[in-house]
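Just so it is clear, the model here is predicted, and its values are computed rather than measured. We use all heavy atoms of the structure for the numbers below, so side chains are in, but hydrogens, waters and symmetry mates are not. Each chain gets a letter, A, B and so on, in the order its sequence line appears, and its residues count up from 1.
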There are 2 protein chains.
Amino acid sequence: MGTDTRNRILAAAARLFHERGFEATGVATILREVGVNSGSLYHFFPSKEALLVGVLERHLESLHSTILEPAAGATDDPIERVFALLGLYRRGLVITDFTRGCLIGNLALEVGDGRPHVRALIEASFSVWAEGVRSWLDAAGDRLPADLDRGALSRFVLTVMEGAVMQARAAGSLEPFDASVAQLRSYMELLAAQARLGRGEAPAMPAGRETVEPSDEAPPPGRSAWRSW
Amino acid sequence: MGTDTRNRILAAAARLFHERGFEATGVATILREVGVNSGSLYHFFPSKEALLVGVLERHLESLHSTILEPAAGATDDPIERVFALLGLYRRGLVITDFTRGCLIGNLALEVGDGRPHVRALIEASFSVWAEGVRSWLDAAGDRLPADLDRGALSRFVLTVMEGAVMQARAAGSLEPFDASVAQLRSYMELLAAQARLGRGEAPAMPAGRETVEPSDEAPPPGRSAWRSW
DNA sequence: TAGTTACTAGAACGATCAATCAATATTTGT
DNA sequence: ACAAATATTGATTGATCGTTCTAGTAACTA
């Protein structure tokens, strides 16, 4: 069935683009991986760039089901969902031995200007991702300061994730990732303390940053295979 | 003189790798740009990858003089030096019309495993960069909490810079960059407030995050041309 | 001045690149 | 069962890839 071939091409292309990058992945490699000939690929996609667009559209469509919903399913606490989301990327780094990171982040830095259609899809993925985080921040209600710009903070979470993944890959270690996430947690705890102060509650600041080490290995439930983000 | 040719090759390669990426830059393009033949290039560099190593070594050597010292020269306030540093990258985004971002960040995501020599140089650049920030944080003395992990915070500043540059490039806009930097400023102000509290001073929390807009255009002095970071 | 080294010119190499196309097979609709 | 649409094959295209090689020039050493 044609649709099946198309999907297999998209899946292989997504994995290879993720792992090696767009330029470094040859069409021949994709064809070999899928076990199909060039005519088939060019029947569905008029060019390699169109294939990239297909990969990004597919990623955008599945962002909720493969990333945001799993993170939301990990806990009911809206703020902890943010860190569950970061935990997904952390696990991805471990499972892939730091070879992939974030597909969208990789492509964002690889495809510069030119290819405006591609860049628009990358930005769209970023927006959907951040909007998901924003919905959790909104759900946190008065646990965060009333005057906090929740949109900006959700974008900041994305900023931290991408920067942390980048450093972890460069170092081949979780240490920079965990350190960055710990800083983000510290920030959000300070915001929560500020919110309590604003509500006239106990003025206690959170205790010192005791660097909560994430439970290494044996990640929570849902040990699903590493997917495409 | 041979050294001059070598330098011109390195300069052109650095700019092209920065702008288009390593894989997307052909050796022929570099040769055309420098106005030299392949024999010259391969006289100095045994391979394209060795040329990349040369670019990274050169970048690492000049990190202090081209980035850290200019940021330190912008202000005497150690904490403001952090934001002056971020301002340099902000200006770079504008000057290059979002076509480059951070060379090291770009390469960090492009060259995965394999090429361990390259990855080590990337990590070295990250370390030097963060160490520079850490020296400023140390100089801030008791304006930051005594128990703060200044090494982790300096890494966090790098995390925020890289993530913010990535989003700005994807969006083709300074907005995500400015928003992320504003969040970082908010975090550091909360840390400063916590430090004051720890010293038994006025318990006042910083005012609401009024989103200080950075002075657009007309950047401070030293309008040096956009270099290689 | 002869010899050696450092550097550059430029053609050429095989490999791989993305992409094309006519021919063939398969599925679908009637 | 037949025709039309869809899907796939696989050889082939010209361009470009990184790299090699020989020849030759320039600069320093003895």
Side-chain angles (χ1 to χ4, degrees), chain A residues 1-58 106-107 110-118 121, chain B residues 1-58 106-107 110-118 121:
Chain A
M1 180 190 313
T3 297
D4 179 61
T5 300
R6 200 186 118 101
N7 283 337
R8 279 161 53 220
I9 290 173
L10 281 173
R15 192 170 47 79
L16 288 164
F17 291 165
H18 197 170
E19 199 164 303
R20 311 183 185 183
F22 176 68
E23 298 282 353
T25 301
V27 173
T29 305
I30 302 173
L31 299 175
R32 195 184 321 122
E33 198 111 344
V34 184
V36 99
N37 294 94
S38 65
S40 293
L41 193 155
Y42 283 93
H43 171 71
F44 294 106
F45 305 98
S47 70
K48 189 189 177 189
E49 178 167 339
L51 174 57
L52 173 60
V53 168
V55 166
L56 287 170
E57 286 172 343
R58 190 183 223 232
N106 296 352
L107 293 173
E110 183 176 357
V111 319
D113 49 349
R115 310 189 214 259
H117 195 347
V118 172
L121 281 167
Chain B
M1 180 191 314
T3 298
D4 179 61
T5 300
R6 199 187 118 102
N7 283 335
R8 278 161 54 221
I9 291 172
L10 281 174
R15 191 171 46 80
L16 288 165
F17 291 165
H18 197 170
E19 200 164 302
R20 312 184 185 182
F22 176 69
E23 297 282 354
T25 300
V27 172
T29 305
I30 301 172
L31 299 176
R32 196 183 321 121
E33 198 110 345
V34 183
V36 100
N37 292 95
S38 64
S40 293
L41 193 153
Y42 282 92
H43 171 72
F44 295 106
F45 306 97
S47 69
K48 188 188 177 190
E49 177 167 340
L51 175 57
L52 174 60
V53 168
V55 166
L56 287 170
E57 285 172 344
R58 189 184 224 233
N106 296 352
L107 293 172
E110 183 176 357
V111 320
D113 50 348
R115 311 190 214 259
H117 195 346
V118 172
L121 281 167

### Task
In sequence, state the C-alpha distance, the side-chain angles, and the governing distance for F17(A) and I30(A), and then conclude on side chain to side chain contact (heavy atoms under 4.5 Å, CB included).
CA-CA 10 Å; F17(A) 291 165; I30(A) 302 173; 4.2 Å; yes
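Atom CZ in F45(B) sits about 15 Å away from atom C1' in dA6(C), given to the nearest Å. In this structure, the CG atom of L41(A) is 16 Å from the C1' atom of dT6(D), given to the nearest Å. Atom-to-atom, CG of N7(B) to C1' of dC7(C) comes out at 15 Å; the value is rounded to the nearest Å. Taking atom CD1 on I30(B) and atom P on dT8(C), their separation rounds to 16 Å, with Å as the unit. Spacing between atom CD1 of I9(A) and atom P of dT8(D) amounts to 8 Å, rounded to whole angstrom units.
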What pairs of nitrogen or oxygen atoms, one from the protein and one from nucleotides 17-21 of chain C, lie under 3.5 Å apart?
from: dA18(C); atom 1: OP1; to: T25(A); atom 2: O; distance (Å): 3.3
from: dA18(C); atom 1: OP1; to: K48(A); atom 2: NZ; distance (Å): 2.8
from: dA18(C); atom 1: OP2; to: V27(A); atom 2: N; distance (Å): 2.7
from: dA19(C); atom 1: OP2; to: Y42(A); atom 2: OH; distance (Å): 3.0
from: dA19(C); atom 1: OP2; to: K48(A); atom 2: N; distance (Å): 2.7
from: dT20(C); atom 1: O4; to: S38(A); atom 2: OG; distance (Å): 2.7

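I9(B) approaches L51(B) most closely through the heavy-atom pair CG2-CD1, 3.9 Å.
For the atom pair CG of L31(B) and OH of Y42(B), the computed distance is 8.0 Å after rounding to the nearest 0.5 Å.
Considering only side-chain N and O atoms, H43(B) lies nowhere under 4.0 angstrom from the phosphate OP1 or OP2 of dT8(C).
Closest contact between the side chain of N37(B) and the listed nucleotides dT9(D), dA9(C), dT6(D) involves dA9(C).
Proximity of a side-chain donor or acceptor of R8(B) to a complementary backbone N or O of V34(B) within less than 3.5 Å is detected.
In this view, E110(B) satisfies the salt bridge (charged side-chain N to carboxylate O under 4.0 Å, His left out) rule with no residue, not counting sequence neighbours.
If one axis is set at each end of the helix from dT1(C)-dA30(D) to dG29(C)-dC2(D) from five pairs, those axes are 10° apart, to 10°.
In this structure, the side chains of R6(B) and F45(B) come closer than 4.5 Å at one or more pairs of heavy atoms.
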